[in-house]
Amino acid sequence: QVQLVESGGGLVQAGGSLRLSCVASGRTLSSYNMGWFRQAPGKEREFVSAITWSGGITKYADSVKGRFTISRDTAKNTVYLQMNSLKPEDTAVYYCAAALSRIPVITTYRYDYWGQGTQVTVSS
């Protein structure tokens, strides 16, 4: 089992920044890929970004490329999502997830473990 706890969400004006954190526990993560997804009201959950735990290989959705940066601190078992130049359309609940994979994973069904989510609201 892997437990994931997100934090760092909040209310920010358009153009602002937030950093989300996801602390993982329960299992060695060296064979895992960590992902961030988001879900806006009335919409399906969508991929945002992913990073492999061991090699730090990253992948981004086109909608966030150049604005968001995913990283991980292996000593702290924590994954981060730095979000800059935020837009109102970034408003959603953001979820951290873990999938057993050594390459970045973008599909929700591949993920075995999910956090509870953290709300991000961007005002115009």
Side-chain angles (χ1 to χ4, degrees):
Q1 289 284 345
V2 176
Q3 291 79 43
L4 303 170
V5 179
E6 305 101 330
S7 62
L11 173 64
V12 65
Q13 288 188 330
S17 298
L18 282 174
R19 188 177 81 157
L20 305 183
S21 300
C22 172
V23 179
S25 61
R27 184 168 287 191
T28 301
L29 297 173
S30 58
S31 299
Y32 279 80
N33 150 95
M34 304 299 294
W36 285 99
F37 289 77
R38 66 187 181 186
Q39 188 166 18
K43 294 189 176 181
E44 292 188 355
R45 192 167 298 188
E46 65 173 2
F47 170 76
V48 175
S49 184
I51 186 168
T52 59
W53 193 262
S54 58
I57 304 169
T58 60
K59 195 166 183 67
Y60 296 92
D62 288 342
S63 59
V64 306
K65 210 171 286 184
R67 300 188 298 123
F68 291 11
T69 303
I70 191 170
S71 62
R72 85 268 190 258
D73 185 330
T74 56
K76 295 183 178 180
N77 261 21
T78 301
V79 178
Y80 303 99
L81 186 68
Q82 177 67 43
M83 306 186 295
N84 299 328
S85 302
L86 283 161
K87 305 175 182 180
E89 51 264 43
D90 294 318
T91 295
V93 177
Y94 283 70
Y95 297 91
C96 174
L100 191 62
S101 174
R102 291 190 179 270
I103 61 173
V105 177
I106 67 172
T107 50
T108 56
Y109 69 85
R110 290 282 312 277
Y111 284 82
D112 301 305
Y113 304 102
W114 293 84
Q116 81 288 352
T118 185
Q119 176 71 46
V120 171
T121 303
V122 184
S123 63
S124 57

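The figures that follow rest on heavy atoms only: side chains count, while hydrogens, waters and symmetry mates do not.
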According to side chain to side chain donor-acceptor pair (under 3.5 Å), who are the partners of [X], at least two apart in sequence or on a separate chain?
X      : answer
Lys43  : none
Ser17  : Asn84
Ser123 : none
Asp112 : none

(request) With the side chain counted from C-beta on, respond yes when Glu6 and Leu20 share a heavy-atom pair under 4.5 Å apart, and no when they do not. (result) no
(request) Taking the side chain as every heavy atom from C-beta outward, state whether Met34 and Ile70 have any atom pair closer than 4.5 Å. (result) no
Using residues 48-58 as the side-chain source, report each donor-acceptor pair under 3.5 Å to any protein atom, sequence neighbours left out, with the distance given to one decimal.
unit_1	atom_1	unit_2	atom_2	d
Ser49	OG	Lys59	O	3.0
Thr52	OG1	Gly56	N	3.1
Thr52	OG1	Ile57	N	2.8

(request) Please report the closest heavy-atom contact between Leu18 and Gly8, naming both atoms and the distance. (result) CD2-O, 3.9 Å
(request) Taking all heavy atoms of Leu4 and all of Ala97, pick out the closest pair and write down the distance. (result) CD1-CA, 3.6 Å
(message) Does anything in residues 28-48 form a ring pair (Phe, Tyr, Trp, His ring centres under 6.0 Å)? List the pairs, not counting sequence neighbours.
(response)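 Residue pairs with at least one partner in residues 28-48: Phe37-Phe47, Phe37-Tyr111, Phe37-Trp114.
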(request) Mind checking side-chain contact (heavy atoms from CB on, under 4.5 Å) for Thr107 and listing every partner two or more places apart, or none if nothing turns up? (result) Val105, Tyr109, Arg110
(request) For Ser30, check side-chain contact (heavy atoms from CB on, under 4.5 Å) against everything at least two apart and list the hits. (result) Thr28
(request) With sequence neighbours excluded, tell me which residues meet ring-ring contact (aromatic ring centres under 6.0 Å, His included) with Tyr113. (result)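 Testing Tyr113 for ring-ring contact (aromatic ring centres under 6.0 Å, His included), a comparison that skips the adjacent residues, returns none.
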(message) Can you pull out every salt bridge (charged side-chain N to carboxylate O under 4.0 Å, His left out) where at least one residue sits in residues 72-83? Sequence neighbours excluded, please.
(response)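 Passing the test, one end in residues 72-83: no pairs.
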(message) With side chain to side chain donor-acceptor pair (under 3.5 Å) as the rule and sequence neighbours excluded, what pairs involving residues 88-99 come up?
(response) Arg38-Asp90, Arg38-Tyr94, Arg67-Asp90
(message) Donor-acceptor pair, distance only, cut-off 3.5 Å: does the side chain of Asn77 make one with the backbone of Ser25?
(response)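 No, because the side chain of Asn77 does not come within donor-acceptor range (under 3.5 Å) of the backbone of Ser25.
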(message) Which residues end up grouped with Leu11 if you chain together Ile, Leu, Val, Met, Phe, Trp and Tyr wherever their side-chain heavy atoms are less than 4.5 Å apart?
(response)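 Besides Leu11, the cluster holds no residue at all.
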